[in-house]
Every structure is written in structure tokens, then in C-alpha cells.
Amino acid sequence: MVNIGIVIPAAGQGKRMGAGYNKQFLALRDKPILAHTIGLFEESDYVSEIVVVGAEGDIPTIEELVSFYDLKKVVKICIGGVLRQDSVRTGVRALSPTIQRIVVHDGARPLLTLPAFHKFLKETETNSAAIMGVPIKDTVKQVDSAGNVLETLPRDYLRAVQTPQIFDRGILEEAHERASASSYYGTDDASLLEWIGHPVHMVEGMQENIKVTTPEDLWLAERILTMREKER
Ligand SMILES: Nc1ccn([C@@H]2O[C@H](COP(=O)(O)OP(=O)(O)OP(=O)(O)O)[C@@H](O)[C@H]2O)c(=O)n1
Ligand SMILES: C[C@](O)(CO)[C@H](O)COP(=O)(O)O
């Protein structure tokens, strides 16, 4: 299970955070969100290299962050695209040819833990494509464009999807290249495999593995770290 390559898409604008700059440079406790995210994979013995994808104007800041926190497994920092999918595609292409197993993880998900990541790797060892998801806590309804409720979806088989998502390199590359050629866009990488008809396995994720998207998420992330400190 060694020799895993990590792609970290971090080229978003963080519009919903409203910070006026890339939210991944905001401090979460002692260091920037992105330093937490990369640092987790840096510590894993299963990971041999990390590619970080950033917006063009953010590249110098990401370089500084990598150097300041001494993140030695970061082999490349690439310029991302307009959508997350474009950024991931660029990152996948940048991995060394020796990497045959790829994990994609959002730069904006800094609360994944090493035990949870290693459990995920173990549980998905035999799957060519696998993702993490958590049961939905609320009732979910489908509405039309006027806001009228069409139906209530059966919750038992719904999952809120997270990253990390893990793939054999060949199938991830094929899905990304075919989606790009057809201008097909999905909000995660697994959806591209679903689109080409490749099976994707789902395992239980962790509720704490939130994506820092809006200011309340940063508040929550701080409290989750406090809770973890108290539990130690
Ligand atoms: N063109 C893009 C868009 C998003 N991302 C990354 O994909 C992850 C998930 O995206 P999201 O949380 O939606 O971030 P933003 O796109 O920055 O958020 P917003 O939609 O509020 O601008 C983030 O780590 C983000 O930096 C990326 O690499 N390239
Ligand atoms: C990939 C993802 O984290 C799965 O939940 C998510 O879809 C990415 O965020 P976005 O807001 O859809 O870009």
C-alpha cells in the first residue's frame, strides 16, 4: 500500500468564505488551513509524494508555506484551472509516472486524521475507486426552480460525500481525460468515474472531516481541534 500520490486541489477563490483571499491561507489555530491539510499526508508512511494545485497568484504563498513548514513530500506546486475538476486534472498529470494509486483530498478539509486516513486506505485496498461519505442527518427534499417541494428522498441510502477519494491511476486519468474532452463536469472526482460507468465503492467517512467553506465552518473547525486536545 506504499507509493501513494496525493493531489490537493487548493486553487479555489473561497468566495463563500468572503475573506477576500484564498481561505486556505486563513489561520486555524497555530497554522494556515492548507498547512494542516498537507501536513497530515506528510506524516503518512504510505504517501510518497504530494502535488498541490493553487491559483496562479497564490503560487508564491504556497511555496513559502511548503518551505516554512518543511513539507518535504511536496514534489510539485501546479497552477489550477477555473473549476475544481480542472485543477485536479492538472495535479494528476503532474504526479511521477511511478505513482499508480492516487488520493485526491480538498485543501479545504484540514480535519482529516492520520488514523482515519489509514483506516480508509485499508478498507479500500482492493477497490479501484473508493470514496468516503457520511449519513445525511437532515430530511432531504427535492424542489423545483420555484421552490415547490417535489418529493422527499429516502435518506437511508443517501450519503454526504467527502474527500479523500482514492483511485487507481489509469481509471482516474481516463475519467478525467474523457470528461474534459466532452466538457462534462462533476463536483467530485468519483462522479467522473460514475459517468464513464466505472464502479465506485463508498466507505463510512468522519463527521468531523468538514470542508471549510463558510465562516461558521472555521469556527466549528477551531472547536473540533479544542475537543480533540481535551480528549488527548
Ligand atoms: N478551480 C478550483 C476550485 C476549487 N478548488 C479547490 O477545491 C476544494 C473544494 O472547493 P471549495 O471548498 O468549493 O472551495 P472554493 O472553490 O474556493 O470555494 P467557493 O466556491 O466558495 O469559491 C478547495 O480546496 C478548493 O481550493 C480548486 O483547486 N480549483
Ligand atoms: C469534492 C467535495 O469535497 C465532495 O464533497 C466537494 O464536492 C467539493 O466542493 P465544491 O463546493 O463542490 O467544489
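Everything numeric in this text was worked out from a predicted model, so none of it was measured. Both counts, for ligands and for their atoms, begin at 1 and track the order of listing. Just so it is clear, the values below take in all heavy atoms, side chains as well, and ignore hydrogens, waters and symmetry mates.
- Here is the list of ligand 2 atoms found below 4.0 Å of a heavy atom in D188: 1 (C).
- A heavy-atom separation below 4.0 Å is not found between G80 and ligand 1.
- Listed here is the closest heavy atom pair of T163 and N209: O-ND2, 2.7 Å.
- Looking at every heavy atom in both residues, T113 comes nearest to L40 through C-CD2, 3.6 Å.
- When hydrogens are left out, the protein atom nearest atom 13 (O) of ligand 2 is R84 CD, 4.1 Å; that is the closest non-hydrogen contact.
- Below 4.0 Å from some heavy atom of L83 lie the following atoms of ligand 1, by number and element: 1 (N), 2 (C).
- Taking only nitrogen or oxygen atoms, main chain and side chain alike, D106 reaches within less than 3.5 Å of ligand 2.
- Checked by distance only, ligand 1 and M17 stay at 3.5 Å or farther apart across all their nitrogen or oxygen atoms.
- A side-chain donor-acceptor contact under 3.5 Å links K73 to the backbone of V47.
- Closest heavy-atom contact between H105 and T37: CD2-CG2, 3.6 Å.
- Close N/O approach between T163 and ligand 2 is not found [any backbone or side-chain N/O within under 3.5 Å].
- Which parts of ligand 1 touch K211 is read off a 4.0 Å heavy-atom cut-off, strictly below it: atoms 9 (C), 11 (P), 12 (O), 13 (O).
- Under a 4.0 angstrom heavy-atom cut-off, R109 registers as lying outside contact with ligand 1.
- At distances below 3.5 Å, at least one donor-acceptor pair connects side-chain atoms of S182 with backbone N or O atoms of R178.
- Residue V212 has no nitrogen or oxygen atom sitting less than 3.5 Å from a nitrogen or oxygen atom of ligand 1, judged on distance alone.
- Nearest residue to atom 5 (O) of ligand 2 from I131, N209, V161, I210 is V161 (criterion: closest heavy atom).
- Considering backbone and side-chain N/O atoms, V82 comes within less than 3.5 Å of an N/O atom of ligand 1.
- Residue contacts with ligand 2, taken as heavy atom pairs separated by less than 4.0 Å, involve R16 solely via side-chain atoms from C-beta onward.
- The aromatic rings of W195 and Y184 sit parallel to each other, their planes meeting at less than 30°, with 60° as the upper class boundary.
- Closest of all the heavy-atom pairs between R101 and N127 is NH1-O, 2.8 Å.
- With no hydrogens or angles considered, a side-chain donor-acceptor pair links H118 and S44 at under 3.5 Å.
- Counting heavy atoms under 4.0 Å from ligand 1, residue S87 touches it through the side chain alone.
- The protein heavy atom nearest to atom 28 (O) of ligand 1 is A11 N, 2.8 Å.
- Distances from atom 10 (P) of ligand 2 to the heavy atoms of Q165, K211, R109 show the closest one on K211.
- Backbone and side-chain nitrogen or oxygen atoms of T213 are examined, and none is located within less than 3.5 angstrom of a nitrogen or oxygen of ligand 1.
- The ligand atoms of ligand 1 that sit less than 4.0 angstrom from a heavy atom of Q13 are 17 (O), 22 (O).
- Against a heavy-atom cut-off of under 4.0 Å, G107 is close to the following atoms of ligand 1: 24 (O).
- Within the 3.5 Å criterion, the main-chain N or O of K72 finds a donor-acceptor partner in the side chain of E42.
- Between P199 and A129, the shortest heavy-atom distance links the atoms O-CB, 3.7 Å.
- Counting heavy atoms under 4.0 Å from ligand 2, residue T187 touches it through both backbone and side chain.
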